[in-house]
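Taking it in order: structure first as structure tokens, then the write-up.
Excluded from the calculations below are hydrogen atoms, water molecules and symmetry mates; all remaining heavy atoms, backbone and side chain alike, are included. As the structure is a computational prediction, the values presented were derived from the model and not from experiment. The chains referred to below are lettered A, B, ... by the order of the sequence lines, with proteins before strands, and numbering in each begins at 1.
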Amino acid sequence: MTAYGYVGWALVLASLGACCSARYTDNWRIKLGTAAAVVVAAFAIQLDRVPLIGFVASVQSEPSVAMILILGSHGARSLWPHRLTQPDTGPLHLCIFLLGSAMYPSALGIGYIDLYAAGYHPYAAIGMLPLAFLLSWFAGTRLLAFWVALAVLAQGYSVGESDNAFDYLIDPIIFVYACWRAAAYAWRRYDGAR
Amino acid sequence: MVRLIGARSRRARGVVAVAALLILASPPLIATVHSYDAAPGYQVKDAGAERDLGEVDGRPEAAPIWEDHAIDPRGRAMVHSATLTELPQGGVQAFWYGGSREGARDVGIYTARLLPNERSWTLPREVMTRPRLSEELGRYIKKLGNPVAFLDASGQVWLFFVSVSVGGWSGSAINAMVSQDGGETFGPAKRLVTSPAFNVSTLVRGRPVQMRDGSITLPVYHEFLGKFAELLRLDPDGVVLEKKRLTLGRRHIQPVLVPEDAETANVFLRYAGETDKRIHYVSTDDAGREFTAPRGSNLPNPDSAIDAVRVAGHALLMVYNHSEVARHILALAVSEGDPGHWTRIHDLEHAEAGTGQLFSYPSILRDQAGRTHVVYTHNRTYIKHVMFNDAWLADARRSALSPP
């Protein structure tokens, strides 16, 4: 695992720790302490000479930028709910859902076109650069723009284990989460229209 | 910077921040695009390409040579999936995995060498263990499998092998290690990320091919939901540059890439389907930009590993199991230019069907001296090595072609 993976998982686990403790307390010090304890436990406790985080990484190697952004924003708002406003994550969930729905089946062998293979090509990242800029300029969705720009940056400097831009954009765990959020959103729309 | 350019609104600040990220991202992208070559062409070694079988420098080689050796399994109950590579200093090196049983926690990757002018293999030693890989990758590793070794144009010896963290072999990922001292010691393992779905189900078996721009093309395959073959192109540092799908469905695994010249190559495929139990192949004549659809050859395949090498002129030599149902016959076949048509010339092993004898997972290599080496699993108890020269091969071909 690379430094990106370690830092990414530390942020994700800290956010999960903060979110869980926020159910039981409003004290930000306790929440921060819980987040730190979760991270220390994941990295310090070893089974068969492998830290607990190694078992997480044996399934999902490194977290994507999307996972870090989404869980990180949840964690930060859990810690300081009055200081931070909730970003609109709907468009990001929708993009993850659409990208994952097209990419995972094709990568697993459905059809000759392997969308994932395009992520190794430098032109894929070059195509994403103006996309990120347009998103931030016209659509005003800064979260989406940061998502794309950070992923391109991470791939460009090879900070993670993967050489594929799509691995920095999304991962299967955040794709499942986005599917659930998309389904919940659709159900709310359907229920509201009834 | 935001104050400097006077961006005060939230949107303007966001735009400035994103623009800054994009500017930061540009240099490595520009460098990558600058050095990117979509199809650099195969670097084909002169393996006696311009002479006929049985000739050395235009003259018939003196006498047929045939040798076989058993490589000491060092007390391992099970050994399997051997691969061969040449060494920069001459000689050949074999790698395989061995342990108490396939998939056991004590399975490691072993290696032994046959040095120039030596008649026997060195004692095997372990080059990779499950705990070592776990430590180097910082994650849990359940088992190790298929190694593939390769000597690149710069003299580095590459060792690719699969590892599994969760599930069976279909949950495999590929790891790569590089030796700068001719296969003596290897640097830390690097995991290749080749699939977006938890990076599972990409395996190796076929030897890589050197490309003219210094990159290497590694044949790989999937066997999770589909069973299909792909090619990965890696730069000299092991960065994945490109992935190309060769087949579809659940029928073709373990591709073997055999280039003929810079633009032309064939990829032979183990058939893992139910209906057409023959060795299949796809071809390219534009250095891998496009491949034909899979076609069947005249050689049977009982869903078992194969290997092939170019020997002389356009002749190809294949080692394979000559049966549609079992692995009890391991044979050599020659093709004289048509990758779909082969002549069986010799049986390396021939046991009666139903006796439980298994001869499998061959690896074939032609060395600088023009001699051909084959290693394969002998009943999963030891790795057998066979070496012969072109004179022997020419004799075997003549015998096979002449009427009884």
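Contacts between B/Phe198 and chain A at a heavy-atom distance below 4.5 Å involve backbone atoms as well as side-chain atoms. Contact annotation for A/Asn164: neither backbone nor side-chain heavy atoms come within less than 4.5 Å of a heavy atom of chain B. Heavy atoms closer than 4.5 Å to chain B are found nowhere in A/Phe166, neither backbone nor side chain. Contacts of B/Lys190 with chain A are made by side-chain atoms alone, with heavy-atom separations under 4.5 Å and no backbone atom involved. When heavy atoms are compared at a cutoff of 4.5 Å, A/Ile170 does not approach chain B at all. Of the two parts of A/Tyr6, only the side chain, counted from C-beta on, holds a non-hydrogen atom closer than 4.5 Å to a non-hydrogen atom of chain B.
Of the listed residues B/Pro131, B/Ala197, B/Ala173, the one with more heavy-atom pairs under 4.5 angstrom with chain A than any other is B/Ala197. Heavy-atom pairs under 4.5 Å with chain A were tallied for B/Val239, B/Leu246, B/Leu225, B/Val166; the largest tally goes to B/Val239. Chain A forms the most heavy-atom pairs under 4.5 Å with one residue out of B/Leu192, B/Val200, B/Thr194, and that residue is B/Thr194. Put simply, of A/Asp48, A/Leu47, A/Asp163, the one with the most heavy-atom pairs under 4.5 Å next to chain B is A/Asp163.
Residues B/Met128 and B/Asn175 fail the side-chain proximity criterion, which asks for heavy atoms closer than 4.5 Å. Side chains of A/Phe55 and B/Ser165 form no contact here, defined as non-hydrogen atoms less than 4.5 Å apart. Residues A/Trp9 and A/Gln60 have side chains in contact (heavy-atom distance under 4.5 Å, counting atoms from C-beta outward). Counting heavy atoms from C-beta outward, B/Tyr221 and B/Pro255 have side chains that approach closer than 4.5 Å. In this structure, B/Ser215 and B/Pro40 have side chains that are in contact, with non-hydrogen atoms separated by less than 4.5 Å.
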Walk me through whether A/Met67 and A/Tyr177 qualify under side chain to side chain contact (heavy atoms under 4.5 Å, CB included).
CA-CA 9 Å; A/Met67 187 194 281; A/Tyr177 175 74; over 6 Å; no

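Between A/Tyr4 and A/Tyr168, the gap from one ring centroid to the other is short of 6.0 Å.
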